[in-house]
Visitor: 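One structure, as structure tokens, below. Some questions next.
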Amino acid sequence: GTGVYDNNHAQIRYFGSWVDSTYTVGAYNSSLKVSNVAQSGFRFTFTGDEITYIYSMHSNRSTAVVTIDGITRESINQYSDDLRRQMGRTFSGLGAGVHILNVVNTGNSYIDLDALIVGNVYNRTAAVSYADQWAHSRNNANYPNYGNDGDNPCNDCTNFLSQVLEAGGMPRIESSGASIDNQYYWYIWWDLISGWRGSKSWAATPDFKSHADTFSSRYQFIGTTSSAVTGLNEGDFVIMDLQGNPFNGPDHAFIIVGIGHPLEGDQRDVDLLLRDAHCNDRKHVRWDYGLIPGDKIVGAYHITY
């Protein structure tokens, strides 16, 4: 049923030659199974309309052929010049009932299995609850603060969005520390010597947008229009280019928290699509409150994880 199944789950049936990887930085649950033997593979029986195969890409990777219910769905080339963790391919529209996923290595280089996701596991309620709790606060010591409301500059919007996504169950993608500029990584941690360290995509809006566009199995790009935004659900997000900010390009992000009466701003007696945000700090304002002519929607994103 619906959920995330790590590569060591008992219901995943391996055949051929597989071993536990000794290098798992950035992998889901820090575990990974790999095989470099042709015709080795794994099989997984699940109930649901959708499944996502999570894997890594690297310079020593081969091609994996995916079949579902005996029908070939795709040949996934896992080769990449650089290491990329938690890449995903989603297969949907399978129909209700029981299905069998089969993945086979077609070459003599490696393929791997990081995890399998049945259905959607992102907890939108938990994400919105976190957003509401911290919309007007920077007191969560588990995360850095990039500016308080009213500061000039205040650069905490994407950091806040990243916290919200993590509260909803979006897993971090870590690196060994050498690739913080790479959009494939998304993480933050506290180091006793260096303080807060993390990828640029955690808190820098342009890098986060690159990360979101890279991981289409997590974040589905809907469009750049107002109608695209109004089609989002609670827990989805929007990236903006605000005319008043000096940076030319993506420079603001906020979380959609659903439809209801605004707690702040105007039109408090009307049901509207609402947002929470940092910088300026907002809680349950209409999604376009305070926007001015020239402000641009860079992307409306629906979470599919």
Side-chain angles (χ1 to χ4, degrees), residues 3-9 11-44 50-68 73-91 101-118 121 165-166 169-189 198-202 207-208 210-219 304-305:
V4 182
Y5 297 85
D6 200 11
N7 59 82
N8 55 15
H9 195 277
Q11 292 302 113
I12 300 174
R13 311 292 177 159
Y14 293 93
F15 53 90
S17 177
W18 288 82
V19 297
D20 291 317
S21 175
T22 58
Y23 183 71
T24 60
V25 173
Y28 178 78
N29 276 352
S30 297
S31 68
L32 200 69
K33 280 189 169 55
V34 297
S35 174
N36 64 346
V37 177
Q39 302 309 309
S40 295
F42 64 87
R43 182 175 293 111
F44 182 68
E50 176 179 296
I51 191 166
T52 301
Y53 168 32
I54 304 295
Y55 56 90
S56 302
M57 299 182 71
H58 204 5
S59 58
N60 63 350
R61 292 302 197 261
S62 184
T63 298
V65 172
V66 178
T67 63
I68 299 178
R73 295 283 179 159
E74 188 169 340
S75 294
I76 301 175
N77 185 354
Q78 298 182 0
Y79 176 87
S80 171
D81 288 336
D82 57 347
L83 175 61
R84 307 180 185 184
R85 294 296 198 202
Q86 295 190 49
M87 305 303 292
R89 177 66 176 91
T90 299
F91 302 92
L101 170 75
N102 203 69
V103 178
V104 176
N105 188 351
T106 64
N108 292 313
S109 296
Y110 287 97
I111 69 167
D112 70 46
L113 172 59
D114 192 348
L116 298 169
I117 304 171
V118 177
V121 298
L165 296 178
E166 184 164 67
M170 194 67 68
R172 300 184 184 192
I173 304 176
E174 298 179 5
S175 76
S176 59
S179 303
I180 64 170
D181 296 336
N182 192 317
Q183 66 265 33
Y184 299 107
Y185 300 108
W186 180 73
Y187 62 92
I188 194 79
W189 78 79
S199 64
K200 284 188 176 179
S201 60
W202 181 273
D207 297 88
F208 180 84
S210 295
H211 167 78
D213 291 336
T214 298
F215 284 88
S216 58
S217 62
R218 293 185 177 198
Y219 319 102
T304 56
Y305 181 85

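For the single chain, residues carry numbers from 1 onward in sequence order.
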Visitor: Passes side-chain contact (heavy atoms from CB on, under 4.5 Å), Val34 versus Tyr55? Steps please.
Guide: CA-CA 10 Å; Val34 297; Tyr55 56 90; over 6 Å; no
Visitor: Taking the side chain as C-beta and beyond, is there a heavy-atom pair between Gln11 and Phe44 under 4.5 Å?
Guide: yes
Visitor: Mind checking whether Thr63 and Ile76 have side chains closer than 4.5 Å, heavy atoms only?
Guide: no
Visitor: If you count heavy atoms of other groups shown closer than 6.0 angstrom to OH of Tyr5, is the number above 12?
Guide: yes
Visitor: Quick one: does Thr304's side chain get under 4.5 Å of Phe215's, heavy atoms only?
Guide: no
Visitor: Ala27 and Leu32: which non-hydrogen atoms are nearest, and at how many Å?
Guide: CB-CD1, 4.3 Å
Visitor: Ignoring hydrogens, what is the shortest heavy-atom contact between Ser75 and Val65? Give both atom names and the distance.
Guide: OG-CG2, 3.6 Å
Visitor: Just so I know, are the side chains of Tyr28 and Arg85 near enough to count as touching, which here means a heavy-atom distance under 4.5 Å?
Guide: no
Visitor: Should Ile51 and Ile68 be marked as a side-chain contact (heavy atoms from CB on, under 4.5 Å) after you check the CA-CA gap, both sets of side-chain angles, and the distance that decides it?
Guide: CA-CA 10 Å; Ile51 191 166; Ile68 299 178; 4.2 Å; yes
Visitor: Can you list everything that forms a side-chain hydrogen bond (donor to acceptor under 3.5 Å, both in side chains) with Arg84? Sequence neighbours excluded, please.
Guide: Ser80, Asp82, Tyr184
Visitor: Before giving the answer on ring pair (Phe, Tyr, Trp, His ring centres under 6.0 Å), spell out for Tyr219 and His211 the whole-Å C-alpha distance, their side-chain angles and the decisive distance to 0.1 Å.
Guide: CA-CA 9 Å; Tyr219 319 102; His211 167 78; 5.5 Å; yes
Visitor: Donor-acceptor check, side chain of Ser199 to backbone of Tyr187, threshold 3.5 angstrom: yes or no?
Guide: yes
Visitor: Carefully, step by step, assess Thr52 and Tyr305 under the rule side-chain contact (heavy atoms from CB on, under 4.5 Å).
Guide: CA-CA 9 Å; Thr52 301; Tyr305 181 85; over 6 Å; no
Visitor: Below 4.5 Å, heavy atoms only, C-beta onward: do Asn36 and Asn108 meet side chain to side chain?
Guide: no
Visitor: Restricting to non-hydrogen atoms, name the atom on Leu116 and the atom on Ile12 that form the minimum distance, rounded to 0.1 Å.
Guide: CD1-CD1, 4.1 Å
Visitor: What do you reckon, are the aromatic ring centroids of Phe42 and Phe15 less than 6.0 Å apart?
Guide: no
Visitor: Can you check whether Ser35 reaches Tyr110 side chain to side chain, under 4.5 Å on heavy atoms?
Guide: no
Visitor: With sequence neighbours left out, write down each residue that passes side-chain hydrogen bond (donor to acceptor under 3.5 Å, both in side chains) with Gln39, or none if nothing qualifies.
Guide: none
Visitor: Donor-acceptor pair, distance only, cut-off 3.5 Å: does the side chain of Trp186 make one with the backbone of Glu174?
Guide: no
Visitor: Scan Arg61, Lys33, Gln78 and name whichever one has a side chain to side chain donor-acceptor pair (under 3.5 Å) with Asp112.
Guide: Arg61
Visitor: Against the six-membered ring of Trp202, is Arg172 placed for a cation-pi contact (under 6.0 Å from the centre, within 45° of the normal)?
Guide: yes
Visitor: Apply side-chain contact (heavy atoms from CB on, under 4.5 Å) to the pair Ser109 and Asn60, showing each step before the final yes or no.
Guide: CA-CA 6 Å; Ser109 296; Asn60 63 350; 5.6 Å; no
Visitor: How close do Val121 and Gly3 get, counting heavy atoms only, and between which atoms?
Guide: CG1-CA, 3.5 Å
Visitor: Gln183 versus Lys200: any side-chain heavy-atom pair under 4.5 Å?
Guide: no
Visitor: Does any non-hydrogen side-chain atom of Tyr79 lie less than 4.5 Å from one of Ser59?
Guide: yes
Visitor: Give me the one residue out of Asp6, Asp20, Leu113 that meets side-chain contact (heavy atoms from CB on, under 4.5 Å) with Ser31.
Guide: Asp6
